[in-house]
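Just so you know, these numbers come straight off a predicted model, no measurement behind them. Throughout, protein chains are lettered first and strands after them, A, B, ... in sequence-line order, and every chain is numbered starting at 1.
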Amino acid sequence: MIDLINKEIITFLSSIDIENTQAIKDKYTTSISEDLNKGHITTNVCMVAGSILKSNPKELAEKLKKKLIQLQCFEDVVSAGPGFINIFLKRKDFVSVINHINEIKDGYGKSNTGKGSKIQIEFVSANPTGPLHVGHGRGAAYGDVIGRILEATGHQVKKEYYINDAGRQIDILTASVILKLVRSDINNYFPKNAYKGKYIEEIANKLKKEIRVRYNLEQIIENIPQDSEEEIDKVIKNLKNLDQSSWNIAKTFSLKEIVSSIKDDLKNFKVYFDNWFNESSMGDIADSSSEISKSINKLKDAGHAYEKDGAIWLNTDLSGDDKHRVLIREDGRATYFASDVAYHKNKIDRGFNKLINIWGADHHGYIKRIEASIDALGSSKDKLVVKLVQFANLFKNGKKVKMSTRSGEFFTLKNLMDDIGPDAARFYYLSKQADQHLDFDIDLAKKDSKDNVFYYIQYAYARIVSLEKKVLENNFNDDINLNSIESNTYDKCDFLIHEISKYPDIIYKASNSLQPHIIIYYLRDLAQLLHSYYNDNHVLSESKENIQSIILCLSSVKQVLSNGLNILGISPINKM
RNA sequence: GCGCCUGUAGCUCAGCUGGAUAGAGCAACUGCCUUCUAAGCAGUGGGUCAGGAGUUCGAAUCUCUUCAGGCGCGCCA
């Protein structure tokens with residue numbers, strides 16, 4: 001119906017001013033109106049045209065209104081306010097959305113606006129040096145749902161986790177684990193910068209069966225430097241020198257343990273990846289045929305990388321970054337950035353139309369240098385979209401939960417799921433724009449009352465399920481036709497019908513802006529309307545004809561609630 | 001100092017590609033259960049959209065500026 005209206009509008013515009021038609025077409029919108037007072041469908045085209053053509057919006061609205069009325073397709077057309085056109089559909093057309101929803105079910109809201117565009121989303125990508133904590137959970141929920149939304153709007157989505165398995169952090173992890181196995185006569189020596197936390201001991205306990213530590217602590221900490229950074233590096237060096245093969249086994253083992261625990265946590269959180277990409281798979285900078293070396297060489301050949309002070313630098317002028325960045329250190333080791341440049345080259349070479357990176361907001365200063373590298377490698381930085389996710393503050397018993405990664409004392413994602421379950425966790429992670437601070441109240445997420453929006457929405461769904469069951473038990477369905485609603489005259493559900501008509505546009509907006517919270521707010525509003533209807537109307541005392549209309553309508557409301565929850569990766573609950 | 005983000009009701013937040021009277025939940029107060037789940041509904045009060053200036057027919061929304069808060073500015077990852 002909106003397409004029909006738009007077609008008429010374009011004809012109308014062409015008849016007034018053919019030159020500016022395209023400009024107006026790009027700016028105006030025709031959409032389901034906010035509420036029924038403003039008709040079923042509304043358009044601001046006359047105000048947009050008015051401003052571009054420098055003519056009076058209200059007069060344009062009057063003219064367009066006459067054109068639309070002549071079509072005789074609508075119940076009524078009115079011009080309102082500063083120049084809006086509000087269209088009232090014929091009842092048959094207005095209620096037809098219910099048949100549509102009940103027919104295509106979970107297809108309602110899906111579209112092909114993405115036209116099969118290939119998008120890769122890289123997210124979480126937490127260093128495999130410890131369990132995922134609640135901060136990672138937000139990025140995980142966000143990335144996963146962005147993927148679902150993009151898929152629902154016709155994009156080909158691949159989700160990827162980048163495992164930083166090559167750097168110094170992994171050496172620190174390995175050292176931390178091995179140290180737990182070294183018999184110590186000195187009381188409780190442990191480097192300040194080593195990883196602490198119970199998981200280190202758990203890995204060490206399993207590792208015991210794989211290796212035998214033949215050296216003692218004195219050998220490791222001989223001449224150990226005071227500085228905490230130098231200290232851990234020295235420990236690592238000594239451990240490698242003392243027994244390289246045990247080191248290698250321990251390293252592979254620790255990494256495998258951590259990665260598998262991360263995979264488990266994400267699986268329980270209903271977050272799935274198509275690909276787990278190892279940083280190490282791009283090889284070593286010392287190997288001139290490795291992927292990482294090739295990337296750097298390409299930058300050099302293109303004249304964007306140069307040598308200075310013994311290091312190799314990337315010229316980042318292309319993106320307007322603050323300064324040039326080091327790719328290869330003075331001592332010949334590659335920086336983390338160099339790996340990342342190679343990784344992004346790898347992603348682009350795989351043929352994606354768009355790369356979405358989801359990063360912690362503290363990494364925003366990193367965006368420009370990556371953009372510069374993409375341009376420098378001959379692709380376009382416009383392919384890259386970086387979405388930043390802000391930290392989440394956790395509140396429990398009214399108090400902020402303190403986190404300290406250093407000491408190993410933090411609230412893990414697993415802790416959170418054990419506490420409130422994956423669905424409530426996903427819901428609250430997504431309840432606010434990703435790039436803004438989130439106060440996550442664990443107590444609220446567990447409450448059985450209206451202030452817990454998660455339950456409020458689930459309750460609306462469960463109420464419809466229960467009502468459908470009651471109707472069937474009462475054998476109302478024997479005599480009524482549950483196939484079509486076109487002859488419907490019962491109008492107390494109209495505000496519900498109007499609300500569910502908005503759903504496809506909500507998904508479209510969420511997809512365009514990559515903002516899942518739009519769906520959460522919509523579901524809350526829809527649930528509210530449902531509860532309101534439920535309270536005001538006693539369904540079972542209605543006539544059979546009306547019950548037919550009501551059940552058809554409520555089933556479609558249920559379907560929309562279900563579709564909305566499912567796209568967020570949340571399962572609807574049939575019974576509270 | 002520079003860069004990014006934020007400032008909307010007592011609290012937590014929507015609204016921000018300029019448009020119809022600035023919305024919701026919580027909290028406060030008042031009503032509604034012999035009928036489908038009261039884990040709910042209805043109503044009342046509550047706002048100089050941080051301050052100031054500008055752009056325009058029209059600004060919470062765009063521009064500039066001031067103030068306040070968060071984050072980032074390594075040959076760390």
Side-chain angles (χ1 to χ4, degrees), chain A residues 26-27 29 33-35 37-38 42 44 46-48 50-51 54 56-58 80-84 86 125-127 129 164 166-170 172 229 279 308-313 320-323 325-340 360-368 388 390-391 395 431-433 435-439 441 444 447-453 455-456 458-460 462-471 473-474 512-513 515 517-518 520-522 524-525 527-528 530-542 547 550 575-576:
Chain A
D26 291 340
K27 275 194 82 181
T29 53
S33 62
E34 277 168 36
D35 58 73
N37 296 326
K38 295 169 182 167
T42 192
N44 64 353
C46 297
M47 288 184 299
V48 171
S51 106
K54 302 281 172 216
N56 187 329
K58 284 197 151 185
F84 288 102
N86 294 336
S125 299
N127 275 343
T129 53
N164 301 120
R168 176 168 170 261
Q169 297 302 320
I170 301 304
I172 299 177
E229 295 288 333
E279 180 186 359
K308 188 188 146 204
D309 303 332
I312 307 290
W313 297 72
D321 195 10
D322 298 345
K323 46 189 134 182
R325 306 288 174 175
V326 170
L327 291 160
I328 314 290
R329 296 181 180 93
E330 226 176 320
D331 62 10
R333 283 153 49 232
T335 58
Y336 172 85
F337 176 51
S339 296
D340 228 8
D362 52 336
H363 286 68
H364 74 79
Y366 197 78
I367 298 173
K368 292 232 161 145
L388 299 175
Q390 269 291 357
F391 298 117
F395 287 83
S431 65
K432 205 180 156 182
Q433 287 187 39
D435 62 350
Q436 291 178 33
H437 288 278
L438 171 74
D439 287 339
D441 185 338
L444 178 65
K447 256 168 113 173
D448 295 345
S449 67
K450 192 185 172 182
D451 28 332
N452 180 357
V453 183
Y455 264 91
Y456 184 73
Q458 294 283 20
Y459 184 33
R463 273 186 150 170
I464 300 174
V465 171
S466 159
L467 199 52
E468 283 177 331
K469 212 172 133 200
K470 279 276 189 319
V471 169
E473 277 168 7
N474 285 292
N512 251 0
S513 61
Q515 292 185 325
H517 79 280
I518 294 173
I520 299 234
Y521 278 86
Y522 171 77
R524 207 268 322 270
D525 290 345
Q528 186 168 39
L530 184 278
H531 288 305
S532 179
Y533 173 80
Y534 188 92
N535 256 270
D536 290 349
N537 303 281
H538 192 257
V539 174
L540 296 181
S541 3
E542 290 286 345
I547 286 177
I550 293 163
K575 199 169 182 211
M576 302 300 282

Derivation and outcome, side-chain hydrogen bond (donor to acceptor under 3.5 Å, both in side chains), residues A:Tyr366 and A:Asp340: CA-CA 11 Å; A:Tyr366 197 78; A:Asp340 228 8; 3.2 Å; yes
Please assess A:Thr129 against A:Asn127 for the test side-chain hydrogen bond (donor to acceptor under 3.5 Å, both in side chains), listing each intermediate value before the final yes or no. CA-CA 5 Å; A:Thr129 53; A:Asn127 275 343; 5.1 Å; no
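In the set B:U37, B:A20, B:G70, B:G70 carries the atom at the smallest distance from any side-chain atom of A:His437. Listed nucleotides: B:C75, B:A24, B:A77. Nearest to the side chain of A:Gln169: B:A77. Taking the side chain of A:Gln528 as heavy atoms from C-beta on, and the options B:G74, B:A38, B:G25, the nearest nucleotide is B:G25.
Pairing for B:G74 is absent, judged as Watson-Crick or G-U wobble with the two contacts each under 3.5 Å. Pairing of B:A53, defined by two Watson-Crick or G-U wobble distances under 3.5 Å, is identified with B:U63. Pair check for B:A42 finds B:U30; Watson-Crick or G-U wobble, both atom distances under 3.5 Å. Look at B:G18: it lacks any Watson-Crick or wobble partner with both distances under 3.5 angstrom.
Put simply, the side chain of A:His363 and the base of B:G72 share no donor and acceptor less than 3.5 Å apart. The base of B:A20 sits with one of its N or O atoms less than 3.5 Å from a complementary donor or acceptor on the side chain of A:Thr42.
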Could I get a table of every N or O pair under 3.5 Å where one atom is in the protein and the other is in nucleotides 6-11 of chain B?
none

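Contact annotation for A:Asp309: base contact, defined as any heavy-atom pair under 4.0 Å involving a base atom. Contacts of A:Lys38 with the nucleic acid, taken as non-hydrogen atoms under 4.0 Å apart, include base atoms.
In terms of phosphate contacts, A:Lys447 brings no side-chain nitrogen or oxygen within less than 4.0 Å of OP1 or OP2 of B:C26.
Note that A:Arg325 lies outside the cation-pi zone of A:Phe337, set by a 6.0 Å cut-off to the ring centre and a 45° limit from the axis.
An aromatic stacking contact between A:His364 and the base of B:C71 is absent, as defined here by ring centres under 5.5 Å apart and ring planes under 30° from parallel. An aromatic stacking contact between A:Tyr455 and the base of B:A39 is absent, as defined here by ring centres under 5.5 Å apart and ring planes under 30° from parallel.
Atoms CD (A:Gln390) and P (B:G72) sit 9 Å apart, rounded to a whole Å.
Between the side chain of A:Trp313 and the backbone N or O of A:Lys308 there is at least one donor-acceptor pair closer than 3.5 Å.
Annotation: B:G52 and B:A60 have their C1' atoms spaced 16 Å apart (nearest Å).
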